[in-house]
2 protein chains.
Amino acid sequence: MRKGEETRTRILDVAEAAVLQKGFGGTSIEELIAETGITKSGFFYHFKDKNELAKALLNRYIENDERIYDEIFSRARDLVDDPLQSFLLGLKLLSELLSDLPNGHPGCLVATVCYYERLFDREIRETNRNAVLAWRHRFRGMFEEIMAVYTPREPVHIDQLADMVSAVLEGGIVLSKALKEPNTLAEQILMLRTFVKLLFQPSVEVLRA
Amino acid sequence: MRKGEETRTRILDVAEAAVLQKGFGGTSIEELIAETGITKSGFFYHFKDKNELAKALLNRYIENDERIYDEIFSRARDLVDDPLQSFLLGLKLLSELLSDLPNGHPGCLVATVCYYERLFDREIRETNRNAVLAWRHRFRGMFEEIMAVYTPREPVHIDQLADMVSAVLEGGIVLSKALKEPNTLAEQILMLRTFVKLLFQPSVEVLRA
DNA sequence: GAAAAACTGTACCGGCGGTACAGGAGGGGC
DNA sequence: GCCCCTCCTGTACCGCCGGTACAGTTTTTC
């Protein structure tokens with residue numbers, strides 16, 4: 001019971017790194033068992049096929065992802081009262097966390113899955129979709145709190161605004177990986193921060209009035 | 001000579017659609033030749049291996065991509081004189097073009113390649129990197145023209161601002177695909193447009209003064 | 001110490017990427 | 001009318017990989 005979990009985790013660790021570098025189709029089971037130091041039979045004891053591995057990988061990734069956002073934004077919430085300032089601080093903390101990653105962001109499994117849709121069953125695609133909807137829900141909640149206090153200087157749809165956070169994150173990851181510039185992702189988060197600031201912060205002129 | 005080009009193009013067409021749906025690793029040569037109606041020998045006459053296919057695919061994709069941006073933004077340039085208004089119009093045209101795609105954006109090969117890095121040789125990764133740098137260069141040029149006339153309301157690095165266009169595009173594609181909501185991409189472009197507008201347009205308050 | 005969990009070993013299948021090589025159809029130039 | 005070049009087809013083969021099957025063994029847990 002306990003030992004099994006550990007091996008399973010080790011397989012998932014190796015698999016996650018491999019999949020983010022080579023995609024699902026480019027990652028062979030043989031290579032995973034070689035690196036994990038397990039036999040093929042051992043692998044199939046834990047996962048009945050590659051699809052099941054993908055499912056476990058994606059679920060674990062999403063859980064971890066959610067946990068990180070929970071931590072960052074609840075910490076920002078604790079430090080600052082105002083919802084706008086708290087969100088801006090959260091983005092700052094996020095960008096710092098991302099720029100502290102030594103080799104850059106390893107890649108997002110949700111993006112990997114969406115570029116592999118036809119290879120997986122409906123359950124995985126549904127899980128993936130729900131992960132993006134959860135991001136939307138999370139950021140939407142934050143923008144609702146902000147909009148209860150501030151009025152945006154331009155009309156925006158709140159869901160689209162929430163999605164923009166996810167979009168800049170995903171896009172930033174792609175750029176960072178393609179450019180081999182780890183910092184690009186953190187910089188993009190800060191660009192997004194500038195946008196949110198501009199959108200909600202009363203202008204100097206208004207304050208003067 | 002003529003016939004060969006045609007077959008080659010047909011292979012690339014089939015391969016591009018397949019790769020964007022299943023990734024490189026998930027796309028088999030056998031399936032490509034089945035759909036193209038060609039034999040395996042015929043395929044290898046045109047491309048000596050999968051890596052060469054990837055190279056041709058990526059180069060063609062990038063060229064086409066550049067062509068589309070050229071058309072859209074030069075058209076916007078013709079219609080409007082002011083560099084800011086011209087860029088905003090370009091984003092509008094781009095979002096319209098994207099929302100007119102019946103099945104949504106099929107996916108970006110540059111993103112696919114960056115999630116497959118370890119599978120390809122250095123040449124392909126370099127090509128991919130240069131494609132992203134070309135986007136940066138393109139949008140940087142536009143923002144330079146804008147900044148010659150307008151002053152941003154918040155301090156921004158011009159390269160990061162240029163990268164944000166690419167980031168929102170790439171991120172929007174990921175979200176659109178994952179959510180199965182074709183419109184999300186177009187909406188994100190318009191969100192970016194709102195940002196650029198806010199960043200450069202003199203506020204109402206200033207105009208009143 | 002027994003039962004259950006967590007594996008190992010072996011043998012096998014079919015699909016796929018890739019190689020090799022021989023040969024043929026069709027068109028353009030001489 | 002012949003030749004050569006491009007553009008393929010056909011056949012045979014290799015080794016890797018995903019996956020199956022299943023019997024046997026070690027390790028953990030209670």
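Chain identifiers are assigned alphabetically (A, B, ...) following the order of the sequence lines, protein sequences preceding nucleic acid strands; residue numbering begins at 1 within each chain.
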Between A:Arg75 and A:Glu71, is the closest basic N to carboxylate O distance under 4.0 Å? no

note: A:Asn51, atom CG; D:dG19, atom P; distance rounded to Å ~ 9 Å

To the nearest angstrom, the CD-P distance between B:Glu52 and C:dT19 comes to 11 Å

Under 4.0 Å between a side-chain nitrogen and a carboxylate oxygen: does that hold for B:Glu52 and B:Lys48? yes

Rounded to whole Å, CD of A:Glu5 lies from P of C:dA6 at a distance of 8 Å

Taking N and O atoms by type only, does the side chain of B:Lys40 place a donor or acceptor under 3.5 Å from a partner on the base of D:dG10? no

In whole angstroms, the gap separating P of C:dC16 from CZ of B:Phe24 amounts to 18 Å

note: A:Ile38, atom CD1; D:dT27, atom P; distance rounded to Å ~ 14 Å

In whole angstroms, the gap separating P of D:dT29 from CD of A:Glu6 amounts to 10 Å

Taking 4.0 angstrom as the limit, do A:Arg193 and A:Glu187 come out as a salt bridge?
no

Can you establish whether the number of heavy atoms outside B:Lys180 located under 6.0 Å from its atom NZ is more than 12? yes

Per nearest nucleotide of DNA chain D, the residue lying toward the 5' end, A:Glu31 or B:Tyr45, is B:Tyr45

| said: Just N and O in the side chain of B:Thr7: are any of them under 4.0 Å from OP1 or OP2 of D:dC8? | reply: yes

Next on the checklist: Treating B:His105 as the side-chain partner and B:Gly107 as the backbone partner, does any N or O pair qualify as donor plus acceptor under 3.5 Å?
Outcome noted: yes

Note: for A:Ser41 and A:Ile29 on DNA chain D, the residue whose nearest nucleotide lies more 5' is A:Ile29

Among D:dT20, C:dG18, C:dC7, the one nearest any side-chain atom of A:His46 is C:dC7

Problem set entry | Side chain A:Thr39 and base C:dG9 donor-acceptor under 3.5 Å | no

Here the distance between atom P of C:dA6 and atom CZ of A:Phe44, to the nearest Å, is 18 Å

Using a 4.0 Å heavy-atom cut-off, does A:Ser28 contact any base of the nucleic acid, only the sugar-phosphate backbone, or nothing at all? sugar-phosphate

Rounded to whole Å, CG of B:Asp49 lies from P of C:dA20 at a distance of 12 Å

Ranking D:dA21, C:dC7, C:dG17 by distance to the side chain of B:Glu30, first place goes to C:dG17

